[in-house]
Amino acid sequence: MTVENEYLEKRRKKILQLREEGINPYNNTFVPSHSHNEIVDKYKDFDNSNFTSDNFMYKIAGRVIAIRSFGKSAFIKTIDNITKFQIFISNDSVGKEKMDFFKKFIDIGDFIGVEGKCFFTKTNELSLEANDITIITKSLNTLPEKWHGLTNIETRYRQRYVDLISSDKVKEIFLLRSKTISNIRSYLSKKGFLEVETPILQNVAGGAAAKPFKTYHNTLDMDLFLRIAPELYLKRLVVGGLERIFEIGRNFRNEGISTQHNPEFTMVELYQSYSDYKKMMSLVEELIINCVDLVSVDRKLIYQDENIDFNPPWEKVDMIKWLSDNLGYDVLSETEELFKEADKLGMNHFGLPGRAITEIFETKFLINKFNPVFVCGFPVDVSPLARRNDADSRIVDRFELFINGKEIANAFSELNDPDDQLDRFRKQIELKQMGDEEANDMDADYINALRYGMPPTAGAGIGIDRLVMLLTNSSSIREVILFPHMRNE
RNA sequence: GGGCCGUUAGCUCAGCAUGGUAGAGCAACUCCCUUUUAAGGAGUGGGUCGCAGGUUCGAGUCCUGCACGGCUCACCA
């Protein structure tokens with residue numbers, strides 16, 4: 001007998017026996033009258049000292065996660081959603097026959113239905129004294145050990161269902177993720193933003209610098225790409241007259257996997273007409289603080305070993321000015337010096353000063369930057385979709401938000417000059433021919449849209465996974481994604 | 001992709017430096033036990049030691065290769 005069979009066989013036998021006795025081990029007739037949480041909430045002001053039986057009969061359902069048996073009585077711990085609840089069962093409460101049934105057939109992991117009245121134990125724990133007990137769903141597999149739970153990271157991710165059963169902490173992370181997204185949605189809705197959905201399967205994967213996933217449509221007989229960003233479609237909608245819009249959705253980038261990167265990740269991208277990157281800064285600040293307020297009373301978080309203070313106003317730094325000051329020369333004009341510095345650091349800048357500036361800046365500036373900081377004013381050659389600064393056409397009106405040294409948001413005043421946009425796309429194509437796999441492709445239809453006129457608009461994208469990492473103190477992005485991608489076993 | 005680390009019972013882990021019949025706790029099974037909180041007590045069963053080679057009289061242990069995973073560096077949000 002293999003080990004797998006030792007457990008499975010025993011429980012399979014119980015299922016057979018149950019069926020023989022006319023009991024459906026996968027019963028769908030039990031209707032609970034209350035959730036665990038509803039009962040806990042109802043008696044929250046009571047304890048041993050002030051509670052007298054109210055004779056109210058409850059019907060509750062849940063998964064058995066622990067059994068402490070004394071022979072003629074037992075305590076059963078069940079869980080529904082996130083609330084644990086204790087059931088007391090004994091010969092006196094259900095009768096010897098039902099008690100024997102319980103001892104013979106009910107295992108840890110099973111879903112059971114119980115009917116009974118509430119009482120407080122000697123140790124003041126609200127419990128239900130069972131008058132009746134029934135099996136709702138038999139479980140064949142054994143749950144992980146009660147004390148350590150499931151700690152093997154690989155198994156946790158591959159079998160997230162077991163992880164969720166055995167860890168409150170994991171459940172809390174995903175509850176907070178859900179709350180965060182709801183919060184963002186309601187914040188933007190209140191500000192008059194309309195939620196929209198744009199194609200994930202795209203002809204041209206544009207709107208960001210990234211390598212796309214390629215797929216194929218049979219009937220249309222054409223290659224398609226999974227979107228790397230919704231940006232160009234959202235701005236088409238702004239052209240169409242939807243002046244405040246957002247989309248919360250998945251982007252796909254065919255790149256490395258790390259504690260900060262999953263091949264598919266969730267962003268909220270939003271566009272606001274008659275705004276600019278400076279106003280967008282305030283909006284992003286407010287939106288993120290709103291999310292921090294979900295978990296912190298003083299807008300401070302401890303992330304790993306660092307304290308992060310989200311109280312506004314957040315630091316703002318001008319990239320070009322900071323780097324010029326620190327290197328001792330004007331990085332926009334002294335390109336020879338700049339490239340020497342970049343080559344020293346082994347950077348692949350494709351002869352673009354902007355690439356070198358951005359990369360050198362990030363390596364030098366982000367050290368020991370834990371609090372939120374807006375990095376403003378990017379070189380035009382790393383920002384093919386952003387509006388040029390009115391005073392200096394070599395830079396664009398753009399910011400990136402870094403928290404704990406990690407990029408959380410990217411935003412800019414949108415480029416709405418179709419001729420400039422066309423030139424930018426052409427430069428991107430040159431770069432692609434030079435071997436830059438992440439350069440944008442030409443999107444002729446997007447140019448066509450801009451030719452109808454797009455009102456001045458600011459846009460922002462916020463990485464939701466990374467935000468949730470901060471809020472839940474998770475060191476890896478996989479901790480905040482239910483099913484992170486893994487190699488086949 | 002590089003470096004370092006890991007993979008032993010359903011789960012959590014010892015065992016490996018120095019090769020000699022595979023260990024514990026939880027879970028399971030049999031008993032005792034009617035207020036427990038990782039309940040307690042007595043007993044029993046459970047293993048292709050990630051996979052494949054090699055060295056050796058003998059490998060969980062040493063060597064090589066591979067797979068999967070973790071951390072980290074590089075690229076990216």
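So that the names make sense, note that chain A is the first sequence line, chain B the second, and so on, each numbered from 1. Because the structure is a prediction, the values reported are computed rather than measured.
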Q) What are the two closest heavy atoms between A/Met280 and A/Ala458, and how far apart are they? A) CE-O, 3.3 Å

(Q) Under 4.0 Å, heavy atoms only, any strand: does A/Met267 hit a base, just the sugar-phosphate, or nothing? (A) nothing

Q: Check whether any side-chain N or O of A/Thr358 sits under 3.5 Å from a backbone N or O of A/Gly354 as a donor-acceptor pair, and report yes or no.
A: yes

Q: Find the distance A/His148:NE2 to B/C13:P and express it as a whole number of Å.
A: 7 Å

Q. Between A/Tyr303 and A/Lys406, does any side-chain donor sit less than 3.5 Å from a side-chain acceptor?
A. no

Q) Side chain of A/Ser73: nearest nucleotide among B/C68, B/U34, B/C33? A) B/U34

Q) Reckon A/Asn262 touches a base, only the sugar-phosphate, or nothing at all at heavy-atom distances under 4.0 Å? A) base

(Q) Can you confirm if the aromatic rings of A/Phe399 and A/Phe412 lie within a centre distance of less than 6.0 Å? (A) no

Q: Kindly state whether the pair A/Phe70 / B/U34 counts as stacked, where counting means centroids closer than 5.5 Å and planes tilted less than 30° apart.
A: no

**Q.** Glycosidic class, syn or anti, of B/A17 using a 90° window around 0
**A.** syn

Q. Would you say a side-chain N or O of A/Arg68 is under 4.0 Å from OP1 or OP2 of B/A39?
A. yes

Q) Does A/Lys14 place a side-chain N or O at less than 4.0 Å from the phosphate oxygens OP1/OP2 of B/C29? A) yes

Q: Would you mind telling me which of B/A27, B/C26, B/C29 lies closest to the side-chain atoms of A/Lys10?
A: B/C29

Q: Would you please classify the geometry between the A/Phe85 ring and the A/His36 ring as parallel, tilted or perpendicular, with 30° and 60° separating the classes?
A: tilted

**Q.** Aromatic plane relationship, A/Phe105 with A/Phe101 - under 30° parallel, 30 to 60° tilted, over 60° perpendicular
**A.** tilted

Atom pairs, protein N/O to nucleotides 71-75 of chain B N/O, distance under 3.5 Å:
unit_1	atom_1	unit_2	atom_2	d
B/C71	OP2	A/Arg478	NH1	3.0

Q: Just grab all the ring-ring contact (aromatic ring centres under 6.0 Å, His included) pairs involving residues 138-172 of chain A, residues at least two apart or on different chains.
A: none

Q. Would you say the base of B/U34 and the side-chain of A/Asn91 have a donor-acceptor pair closer than 3.5 Å?
A. no

(Q) Check the phosphate of B/A27 against A/Lys146, side-chain N and O only, distance under 4.0 Å to OP1 or OP2. Yes or no? (A) yes

Q) Just to confirm, is there a sub-4.0 Å distance from OP1 or OP2 of B/A27 to any side-chain nitrogen or oxygen of A/Thr142? A) no

